[in-house]
Amino acid sequence: MNTQPNDASIKKNVNPAREGSAPQSEDTTPSAQDYGLIGNAHIQVLCCSGSACYNSGSLKIIDNFIRVIAEYGLGSRVDVVATGCFGFCAKGPIVRIMPDNTTYVQVHPEDVEDIVKTHIIDGKLLERLQYVDFTAHQLVDDAKHWSSLPKQLSMDAMLHDYIYEIGGKKFLSVMSYMIDEDKCKGCGACKRGCSSQAIVGDLRHPHVVNPYKCTCCGHCATKCKFGAIHGPVGALSERNYVEDLLVDVADPDKIVVAQTAPAVRYALGEEFGMPPGTIVTGKMITALRKVGVDYVFDTDFGADITIMEEAAEIVDRLRKYMAGDKTVRIPITTSCCPAWVNFFENDYPDLREYPSTCKSPAQMLGAVLKTYWAQRMGIPRDKLVMVSVMPCISKKYECARDEFITDGNPDVDYSITTIELAELIRRMNIDFDRLRDGQFDSPLGDSSGAGAIFGTTGGVMEAALRTVYEEFTGQSLPRIEFDEVRGLDGIREATIDLNGFELRVCVVNTLANARIVMDKLRAGEMEYHVIEVMACPGGCIGGTGQPYHHGDIEVIKARQRAIYSEDVGKRLRKSHENPVIQRLYREFLGEPLHGKAHDLLHTKYRDKSIL
């Protein structure tokens with residue numbers, strides 16, 4: 001039997017105050033002409049930015065609203081806000097007009113001008129975009145009357161009850177930078193600190209983050225001074241996984257493994273009164289064991305794996321390029337920094353064939369741990385929990401990328417920052433200063449000096465060059481250090497002699513400088529062969545998950561000196577000479593760039609511009 005209502009069975013304006021009953025003397029309900037700017041001094045256009053709406057083109061809808069509202073000269077009276085998920089994914093993209101609370105469903109970019117003209121300017125409902133509730137046979141304009149979604153009445157309930165049960169943990173992990181408008185003062189500090197131009201808002205008015213411009217780098221959060229968040233500072237919040245870690249270490253059925261990034265050990269001591277650049281590797285390892293972690297591995301080992309793959313990729317592209325292959329993409333750029341990856345996917349998707357396809361060291365180590373190591377130890381993948389301790393807030397987002405998840409199980413389950421680890425140590429009353437030095441567990445804790453220098457700008461480039469030189473020329477390095485790529489300048493250029501071939505390289509830190517370089521690449525003005533990009537000033541040592549340095553360059557310099565001193569003190573300083581790495585490839589991965597190594601350690605990039 002056909003249960004679909006015909007046009008005559010659909011009621012209009014189901015809000016009882018708007019139905020056609022006789023008016024009452026004291027009825028203050030707006031008339032049919034009181035929508036939009038006719039009935040309100042200021043309007044907010046809320047555009048759902050949940051995953052389903054995003055995949056259906058919500059970013060283009062947002063951009064069209066901004067453009068059309070500007071064309072009509074309504075910018076001072078109408079705000080466009082990218083929101084979290086409304087929870088009604090099947091009817092997306094969804095647009096809600098406030099304070100009317102009128103909700104339009106299945107909106108297309110070409111509908112935007114009609115919404116602005118008909119609803120916002122003329123004050124009339126746009127019936128063709130209203131929701132038809134087939135349960136009640138009603139045409140619904142007010143979201144409060146969606147009979148199928150009672151939980152929409154509470155945003156908190158929607159986020160924590162409705163969404164969380166169907167995968168909201170991942171959703172919350174990428175909602176890193178939703179500005180709390182009750183605490184935002186509109187000072188503009190976050191906007192000025194955003195290299196990706198993701199924050200909009202007028203002075204002294206609450207600002208808004210466009211989630212599809214945001215790279216999740218976290219620099220906006222470090223600029224905010226109005227403290228009411230769960231992360232570094234301010235009115236911008238990030239997802240804190242410390243509670244998840246405490247639950248997992250208390251679960252007897254879980255094996256919890258931590259990995260620690262290079263930059264963390266040179267800054268963690270600052271949280272306990274030590275001078276910047278104090279190396280606290282051993283104390284950090286012991287602290288994690290006291291927290292309850294079962295094994296502690298070194299992300300430096302993951303960096304050594306990365307160099308095996310990335311150096312091979314650089315040499316492969318160079319040889320094809322020199323042979324006249326017109327399909328090869330030169331320059332090749334690094335891909336370790338997740339904020340940088342987000343940046344080029346958002347703003348330069350047409351250039352996404354240039355970056356290396358290598359996963360980051362943390363993700364490579366996670367993939368190896370949950371396959372090679374798990375098999376050797378006889379531990380089922382679903383019993384393993386891998387937590388990364390990172391100097392970077394953007395790593396939280398990276399863990400949730402679909403390409404780093406196998407059958408619903410992430411290679412790295414979640415990430416905590418240097419600051420969050422320090423908070424956890426204090427919370428558990430661990431006397432950090434008096435801890436004895438521990439050692440990383442083997443075999444995934446044995447790394448080279450090349451892995452250590454990943455934590456500073458120029459470090460990935462230098463680590464790669466140590467292997468690229470020997471692979472490309474077939475000769476031993478005449479010198480181990482490449483001083484040409486060291487330093488803290490935002491854009492640094494160098495030419496490396498590969499036994500007669502002049503390799504032109506560029507090292508970039510901050511996304512503002514990356515934009516300069518990428519614009520030149522897009523314009524065909526680039527003559528480099530290899531480019532390193534890191535989103536944070538100074539690289540990972542200046543990451544947004546690190547103890548805040550308040551712009552003091554001496555803090556960054558001290559951390560950088562510590563990195564290079566550790567490199568000098570290492571017995572092995574080239575990734576390809578690490579015997580554990582050699583065994584891993586011999587026993588499990590095979591040849592770099594091929595077979596299992598390619599499947600486990602490489603990724604692909606997306607066009608996230610939606611334009």
Side-chain angles (χ1 to χ4, degrees), residues 169-170 172-177 196 214-222 230-232 236-242 244-245 257-268 284 288 293 296-303 305-306 334-343 345 358-370 385-405 410-424 451 454-457 459-460 509 511 533-536 538-547 603 605:
K169 183 175 180 181
K170 178 179 176 182
L172 289 172
S173 75
V174 300
M175 274 186 61
S176 294
Y177 304 107
S196 57
C214 178
T215 65
C216 300
C217 71
H219 285 288
C220 54
T222 67
H230 305 293
L236 296 117
S237 58
E238 69 186 60
R239 178 75 162 90
N240 189 320
Y241 286 98
V242 168
D244 300 70
L245 176 57
V257 182
Q259 60 165 303
T260 63
V264 173
R265 66 205 68 178
Y266 311 114
L268 179 61
M284 173 186 66
L288 284 165
V293 169
V296 184
F297 293 131
D298 195 354
T299 312
D300 291 16
F301 183 85
I305 305 174
T306 300
T334 59
S335 55
C336 296
C337 172
W340 155 239
V341 171
N342 284 340
F343 180 73
E345 286 184 327
C358 289
K359 295 180 180 179
S360 71
Q363 290 298 326
M364 285 197 181
L365 186 59
V368 168
L369 175 109
K370 289 197 174 182
V385 175
M386 165 61 92
V387 54
S388 64
V389 184
M390 296 284 129
C392 171
I393 292 173
S394 192
K395 289 291 183 182
K396 297 173 184 287
Y397 163 84
E398 182 185 57
C399 295
R401 286 182 69 107
D402 290 339
E403 55 268 34
F404 301 150
I405 299 173
D411 292 334
V412 179
D413 291 270
Y414 46 83
S415 181
I416 65 173
T417 65
T418 310
I419 294 172
E420 289 165 351
L421 175 59
E423 291 172 350
L424 177 58
F454 259 60
T456 182
T457 175
V460 178
N509 66 106
L511 294 179
V533 181
M534 292 189 182
C536 293
C540 300
I541 51 176
T544 51
Q546 298 274 70
T603 186
Y605 306 113

- Message: How long is the straight-line distance from SG of C399 back to CZ of F404, given to the nearest 0.5 Å?
- Response: 9.0 Å
- Minimum-distance pair of heavy atoms, taken over all atoms of D244 and N240: OD1-O, 4.1 Å
- Looking only at heavy atoms, which two atoms of T544 and C536 are closest? And how far apart? N-SG, 4.1 Å
- Query: Does any donor atom in the side chain of Q259 or S388 lie under 3.5 Å from an acceptor atom in the other side chain?
  - Reply: no
- Item | With M390, the side-chain contact (heavy atoms from CB on, under 4.5 Å) member among T299, T417, T418, I416 | T299
- Task: Decide yes or no for I305 and V368: does some side-chain heavy atom of the first lie under 4.5 Å from some side-chain heavy atom of the second?
- Result: yes
- Value for CD (E420) from OH (Y241), rounded to nearest 0.5 Å, stands at 10.0 Å
- How many angstroms lie between atom OG of S394 and atom CG of N342, to the nearest 0.5 angstrom? 5.0 Å
- Rounded to the nearest 0.5 Å, the SG atom of C220 sits from the CD1 atom of I393 at a distance of 8.0 Å
- Is there a side-chain contact between V341 and R401, using heavy atoms and a 4.5 Å cut-off? yes
- Contact check, side chains of Y414 and L245, non-hydrogen atoms, under 4.5 Å: yes
- Message: Among residues at least two apart in sequence or on other chains, which ones pass side chain to side chain contact (heavy atoms under 4.5 Å, CB included) with C358?
- Response: E309, E310, E313, S335, S356, M364, H602
- Message: How long is the straight-line distance from CE of M534 back to CH2 of W340, given to the nearest 0.5 Å?
- Response: 12.5 Å
- Task: Go through the steps to decide whether R265 and V389 satisfy the test side-chain contact (heavy atoms from CB on, under 4.5 Å), and finish with yes or no.
- Result: CA-CA 10 Å; R265 66 205 68 178; V389 184; over 6 Å; no
- Task: Just jot down the salt bridge (Lys or Arg N to Asp or Glu O under 4.0 Å) partners of D411, sequence neighbours excluded, or say none.
- Result: K359, R381
- Message: Keeping D413 on the side-chain end and M386 on the backbone end, is there a donor-acceptor pair under 3.5 Å?
- Response: yes
- For T334, what residues pass the side-chain hydrogen bond (donor to acceptor under 3.5 Å, both in side chains) criterion, not counting sequence neighbours? none
- Item | Least distance between heavy atoms, A261 atom then P391 atom | CB-CD, 3.6 Å
- Query: What's the shortest heavy-atom distance between L365 and D298, and which atoms?
  - Reply: CD2-O, 3.5 Å
- Task: Determine whether L421 and L268 make a side-chain contact, defined as any pair of heavy atoms from C-beta on separated by less than 4.5 Å.
- Result: yes
- So do C540 and F454 actually touch side chain to side chain, heavy atoms under 4.5 Å? no
- Any T260 side-chain heavy atom under 4.5 Å of L288 side chain: yes
- Message: Taking the side chain as everything from C-beta on, heavy atoms only, tell me whether P338 gets closer than 4.5 Å to C392.
- Response: yes
- Message: Quick test of your reading of the model: are K395 and E398 salt-bridged, counting only N-O distances below 4.0 Å?
- Response: yes
- Task: Report the C-alpha distance between L369 and V257 in whole Å, list the side-chain angles of each, state the deciding distance to 0.1 Å, and finish with yes or no for side-chain contact (heavy atoms from CB on, under 4.5 Å).
- Result: CA-CA 9 Å; L369 175 109; V257 182; 3.7 Å; yes
- State, with a plain yes or no, whether a side-chain heavy atom of P361 is found less than 4.5 Å away from one of C336. yes
- Note on the structure: Between C217 and A339 the two heavy atoms that sit nearest each other are CB-CB, 3.7 Å
- Message: To the nearest 0.5 Å, what is the distance between CD on Q546 and CD1 on I541?
- Response: 8.5 Å
